Amino acid sequence: MPELPEVETLRLGLKKYLVGHKIEDVEILHPKIFFGDKKDIVGAAVKGIRRVGKGLIIDLSNEFSLAIHIKLTGQLIYQDNKTVKNPVSKLKVGSVPNKFTHIIFRLNGDSKLFYNDQRRFGWIKVVKTNEVMNLPFFKEMGPEPFAEELGSGQVDLTLDKFEEIISNSKTVIKPLVMDQKKIGGIGNIYANDALFKAKIDPRRKANSLSEAEIRKLYDSVLFVLKKGLDSGGASELTFVNILGQDGGYQNHTLVYGKRGKTCPNCGSKIKVIKLAGRGTFFCEICQK
DNA sequence: CAGTACGCCTGGTAGC
DNA sequence: TGCTACCAGGCGTACT
């Protein structure tokens, strides 16, 4: 699932390829994805790209911004005269536009930005720049790993903050780590892998973790997210970068998605359960 | 307030 | 083979 590393990969790509381009037109092929009036953004140029948790904000040269969430299967793909031959590696669709293309931003110089989304859970909203952070999803975002390092402008998830969040919660640890209002950016893949690396049973109550376990979990969260960032994200589903290319983390997962496989640590069979409605992968021998 | 169930959606797959 | 039934899952909403 697109999480912090995947969305950050998109942010870097958009920053490199999209900033400076002028939006000449917007083709809305699926109106349920696009909220707002396209007239507010046509004619404006792309000024900057921000990421808030798993969300993106494209700031324009006028008073508007685009708020974007790609949810499970969204793709943002940029093409111009130089990149146009890059195929999209996922969904066997080969190129864009395709049957999953719902929004096309036509940019100056014959460049385009495509929004594809197989399951159409994602959204793109036109919002005034000075009001974009009032969207509940952004406003309620918890502190984020690497916020300071990446210069995201969000509150940084320090070890102290992490300890406070974990030790003050009676919730089950895995859903807590994935709660965007508590901690921003972590989804199912990285939550599973971080808990495995920290050797903590995902079913534990958060406030039952010792100080040492909390520290270990903190380090593990940063470790797996960093691995994800360095891999250009995880493309286990439909995620591709701005040029339509796969990331690499799906080849490095520790336990996530390893149904029927064995624990990389002890060799026993990975257990799959549901926790708060989400698929949960762990090793009952290694994670206590 | 915290926790849970459901809806959104469709490609993939298990089961017949 | 071809059909049906069910599942995955981030997040908003409704409900307990």
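Letters A, B, ... mirror the listed sequences (proteins, then strands); counts begin at 1. As the structure is a prediction and not an experimental result, all values here were calculated from the model.
- If you take CD of A:Glu140 and P of C:dG12, they are 8 Å apart, rounded to a whole angstrom.
- Of the side-chain N and O atoms in A:Arg120, one or more sit less than 4.0 angstrom from OP1 or OP2 of B:dT10.
- In this structure, A:Ile70 places its CD1 atom 15 Å from P of C:dG9, rounding to the nearest Å.
- Stacking of A:Phe121 onto the six-membered ring of B:dC8 is present: less than 5.5 angstrom between centres, less than 30° between planes.
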A:Asn192 and A:Tyr190: side-chain hydrogen bond (donor to acceptor under 3.5 Å, both in side chains), yes or no, with the steps? CA-CA 5 Å; A:Asn192 275 292; A:Tyr190 297 99; over 6 Å; no
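- Within the 4.0 angstrom heavy-atom criterion, only backbone atoms of the sugar-phosphate kind lie near A:Gln180; the bases stay farther away.
- Not a single donor-acceptor pair under 3.5 Å links the side chain of A:Arg106 to the backbone N or O of A:Glu27.
- Counting non-hydrogen atoms under 4.0 angstrom, A:Gly187 reaches nothing in the nucleic acid.
- If you check every strand for non-hydrogen atoms under 4.0 Å, A:Phe138 touches nothing.
- Atom-to-atom, CZ of A:Phe100 to C1' of B:dT10 comes out at 8 Å; the value is rounded to the nearest Å.
- You'll find that the side chain of A:Arg259 is closest to C:dA8, out of C:dG12, C:dG10, C:dA8.
- With A:Ser65 as reference, A:Thr129 is the one residue of A:Thr129, A:Asn130, A:Asp40 to meet the side-chain hydrogen bond (donor to acceptor under 3.5 Å, both in side chains) rule.
- Atom NZ in A:Lys274 sits about 11 Å away from atom P in C:dG10, given to the nearest Å.
- B:dC8 atom P lies 17 Å from atom CD of A:Gln118, rounded to whole Å.
- Of the candidate nucleotides C:dG9, C:dG10, C:dG12, C:dG10 has the atom nearest to the side chain of A:Lys54.
- With respect to the salt-bridge test (charged N to carboxylate O, under 4.0 angstrom), the residues A:Glu144 and A:Lys54 do not qualify.
- As rounded to whole Å, 13 Å separates atom P of B:dG11 from atom CD of A:Gln75.
- For A:Asp117 and A:Tyr115, the side-chain atoms include at least one donor-acceptor pair closer than 3.5 Å.
- Among A:Thr280, A:Leu217, A:Val224, the one residue that satisfies the side-chain contact (heavy atoms from CB on, under 4.5 Å) test with A:Leu195 is A:Leu217.
- Residues A:Val26 and A:Ile104 are not in side-chain contact: their nearest non-hydrogen atoms beyond the backbone lie 4.5 Å or more apart.
- Of the candidates B:dT10, C:dC11, B:dC8, the closest approach to any side-chain atom of A:Lys32 belongs to B:dC8.
- At the phosphate of C:dG9, OP1 or OP2 sits under 4.0 Å from a side-chain N or O atom of A:Tyr256.
- Nearest nucleotide to the side chain of A:His69, out of C:dA8, C:dC11, B:dT10: C:dC11.
- Place A:Trp123 and A:Gly279 on DNA chain C by their nearest nucleotides, and A:Gly279 ends up nearer the 5' end.
- Within 4.0 Å (heavy atoms only), A:Asn188 reaches sugar-phosphate atoms of the nucleic acid but no base atom.
- Atom CZ of A:Arg119 is separated from atom C1' of C:dG10 by 11 Å (rounded to the nearest Å).
- Atom P of nucleotide C:dG10 and atom CD1 of A:Ile33 are separated by 17 Å, given to the nearest angstrom.
- A donor-acceptor pair under 3.5 Å is absent between the side-chain atoms of A:Glu24 and the main chain of A:Gly43, judged by distance alone.
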Taking protein heavy atoms under 4.0 Å as touching, what does nucleotides 1-6 of chain B look like 5' to 3' if B marks base contact, S marks sugar-phosphate-only contact and - marks none? --S---
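- Residue A:Phe137 places its side chain closer to C:dC11 than to any other of C:dC11, B:dG11, C:dG10.
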